[in-house]
2 protein chains.
Amino acid sequence: MERAPSVVDVARVAGVSVGTVSNVLNRPQVVAAATRARVEKAIAELGFVRNAAARSLAAGSSRTIAFVAADLTNTFFLDLARGAEEILEKAELNLVLANCDSREDKQRAYLDLFEEERVAGLLVAPRQDLAGQVLGPRARGMRVVLLNAEPPEPGVCSVQTDNRAGGYLAARHLIELGRTRLLFAGARRFPAVVDRLEGARLAVAEAEGVTLEYLATVGVTTEDGRAVAESVLARDPAARPDGLLAGADLLALGVVQAAAADGSVAIPGDLAVVGYDNNRESWGSMTPLTTLDQAGVEMGREAARLLLEELREPAGHEHATVVMEPVLVPRASTLGHPGG
Amino acid sequence: MERAPSVVDVARVAGVSVGTVSNVLNRPQVVAAATRARVEKAIAELGFVRNAAARSLAAGSSRTIAFVAADLTNTFFLDLARGAEEILEKAELNLVLANCDSREDKQRAYLDLFEEERVAGLLVAPRQDLAGQVLGPRARGMRVVLLNAEPPEPGVCSVQTDNRAGGYLAARHLIELGRTRLLFAGARRFPAVVDRLEGARLAVAEAEGVTLEYLATVGVTTEDGRAVAESVLARDPAARPDGLLAGADLLALGVVQAAAADGSVAIPGDLAVVGYDNNRESWGSMTPLTTLDQAGVEMGREAARLLLEELREPAGHEHATVVMEPVLVPRASTLGHPGG
DNA sequence: TTGAAAGCGTTACCAT
DNA sequence: ATGGTAACGCTTTCAA
């Protein structure tokens, strides 16, 4: 356990030069079969493992991509990671993950870390109000693709979903079900939430006799959802909404849970609820949630493709913003029980 | 964007030697305030960012720890990561994550990757039947601590939960509620599941007139749970169990979902269900799940502490196996509705 | 307190 | 097809 064996040890044991060892490692075709065998034998005997640090230092480039995610507990982010991994794997690139836990300081720290590590590229699904943090690394030459966030300035690739369309679809769905008093709950500090609200407004404007109200929440957690339910339940029954658009699934889940616990508001009977995210964490919901699916895996794939493109042609690369359409997944929280 | 500025650029601009630059980076106390200021100014001007590869190559040690997880979609693993991060952060160590998606090849690949990267240490929460994969890296001198898995051989630290105790607690809980026909469902290829079953057997042996039956499943997913429900529903009502011990929460969740969809078996009325994991993904369950919580965050902390210890005293380090006690979290799937 | 120079383990290039 | 050698960017002696 002295010191890990290096290429020079391998070279010595195999009776060849270090250049040849490097060749069997990187361009096996150019080395004679017999020599290659000797080198491979030496590698096995010594238990030699390449030193990636030395490698990327000498080669001037790393083979790993980092994915910095705002919150990995939301399965949407993990779907993004999976999609990206799938594409990167084919390009023989590795993907490592970092979880920022929705904390500004962690996001900053991980971005710094990966910049120091000179990873080949950065996939960043930031806390939406903190997308600007990628500007520094970008300016210093890092390749970065943003996911699920508005590019803070042109010239950075991104993959987003059309949140306005999502909001529109959600509202339309409720309107088509005959709901007329809609309530949108969410935290305006998230740009995505603002867009969804706008989309919902659009759908309401197109309809006759439908109203839309906005209820501000602190965040978009289950707890925030319970607060929304409380606020709704506190109202005179006649003044209650009959359709709820939640800024996120967890928020919707909180509402559904609290409503069930209280018992005086039936879902979807009295109140139809639409979430957003298709977060697996809410899949087990008492009343399966109608939601907007953002096709996370496909977004991740797309982001990885964009990044690969930028890596391959650093020069003639067109910065693109890919916008994907969310799709409505109707379930019991608006449709009622499967049997009915 | 030519070439990133290096310490020698900084040194030139600041009018000092590279050694001095390195000193302000690593041992700021030893350099005169004035010089330090000049260097810091140069660093800011140039937008210098340390190269971690060069750093760990020269210093012979990295400042990052990798966490290789079998399946990050299970929030338990993310809790482990959080706990570890909390401790490592204080030691100025970074934590990067890798998701193996329960795939043997990915787990292998990530272990290889991090060994090549010469990370300072490895935290591995493997697929339980693949804990042996850490043996290679260990033998070559990597510091590794296993989480949630039996050490494949003595001499490797690990943090586990007492699965027998968990199984025992789960069964005892059902027995105390008066259930007498217990069914344990799970996949025996997971050592943890086997232990839980054993624990359950123990509790049953202590009780009068209680029977325990084992039902093999393919895995421990929601889908497997639905299959379990199907199998139970196919039986003559008199031959059905009245208490179910599931090998994991998702499995339990599937049972609950399928039972609700069918409607002929009330939970917990006809069948009380206990899960295992306290997986957040099942928190929204129609019937909140009674489960065993494994204190993931604390396990993560403990693993990180063990790893730090091993890093600090490579020599006189005692390999430890820390076993933590799971705690029963009783909820509606065994107790019935909160109001009743 | 600062400078000079020797590595760290690999790749890449130029000879051979 | 193979060998020799100069980088890569940093840390770490050791002297001054």
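In what follows, chains are A, B, ... by sequence order, proteins preceding strands, each numbered from 1.
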Inset, instruction - Would you work out how much the helix from C/dT1-D/dA16 to C/dT16-D/dA1 bends between its ends, with each end axis defined by five base pairs, to 10 degrees? - result: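 For the helix from C/dT1-D/dA16 to C/dT16-D/dA1, the axes at opposite ends meet at about 30°.
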Inset, instruction - Check every strand shown and say whether A/Gly19 touches a base, only sugar-phosphate, or nothing at a heavy-atom separation below 4.0 Å. - result: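 Answer is base: heavy atoms of A/Gly19 come under 4.0 Å of a base.
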Could you give the [atom1]-to-[atom2] distance, from [X] to [N], as a whole number of Å?
| X | N | atom1 | atom2 | answer |
| --- | --- | --- | --- | --- |
| B/Asn51 | D/dG9 | CG | P | 7 Å |
| A/Arg38 | D/dT2 | CZ | C1' | 11 Å |
| B/Arg50 | D/dC10 | CZ | P | 9 Å |
| A/Arg12 | D/dG4 | CZ | C1' | 17 Å |
| A/Arg3 | C/dT10 | CZ | P | 9 Å |
| A/Leu57 | D/dT11 | CG | P | 12 Å |
| B/Arg55 | C/dG9 | CZ | C1' | 18 Å |
| A/Arg118 | D/dG9 | CZ | P | 8 Å |

Legend entry - B/Arg127 side chain vs B/Ser102 backbone, donor-acceptor pair below 3.5 Å: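 Here the side-chain-to-backbone pair exists.
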Listed nucleotide nearest any side-chain atom of [X], set [options]:
| X | options | result |
| --- | --- | --- |
| A/Ala58 | C/dT11, D/dG3, D/dT11 | C/dT11 |
| B/Ala59 | D/dC10, D/dT12, C/dT10 | D/dT12 |
| A/Val31 | C/dC8, D/dT12, D/dT2 | D/dT2 |
| B/Val7 | C/dT10, C/dG9, D/dC10 | D/dC10 |

Using a cut-off of strictly less than 4.0 Å, decide whether [X] has a side-chain nitrogen or oxygen near OP1 or OP2 of [N].
| X | N | answer |
| --- | --- | --- |
| B/Ser22 | D/dT11 | yes |
| A/Thr20 | D/dG3 | yes |
| A/Ser17 | D/dG3 | yes |
| A/Ser56 | C/dT10 | no |
| B/Asn23 | C/dT1 | no |

Legend entry - Sole residue of A/Asn74, A/Thr75, A/Thr73, A/Asp79 in side-chain contact (heavy atoms from CB on, under 4.5 Å) with A/Phe77: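 By the side-chain contact (heavy atoms from CB on, under 4.5 Å) criterion, A/Phe77 pairs with just one of A/Asn74, A/Thr75, A/Thr73, A/Asp79: A/Asn74.
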Legend entry - Qualifying residue for salt bridge (Lys or Arg N to Asp or Glu O under 4.0 Å) with A/Arg143, from A/Glu115, A/Glu310, A/Glu309: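 The salt bridge (Lys or Arg N to Asp or Glu O under 4.0 Å) with A/Arg143 is passed solely by A/Glu310 among A/Glu115, A/Glu310, A/Glu309.
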Inset, instruction - Starting from the 5' end of DNA chain D, give me the residue, B/Arg27 or A/Ala33, whose nearest nucleotide shows up first. - result: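 Whichever sits nearer the 5' end wins; that is A/Ala33.
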Inset, instruction - Identify, between A/Leu25 and B/Val18, the residue whose nearest nucleotide on DNA chain C lies closer to the 5' end. - result: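 It is B/Val18, whose closest nucleotide lies nearer the 5' terminus.
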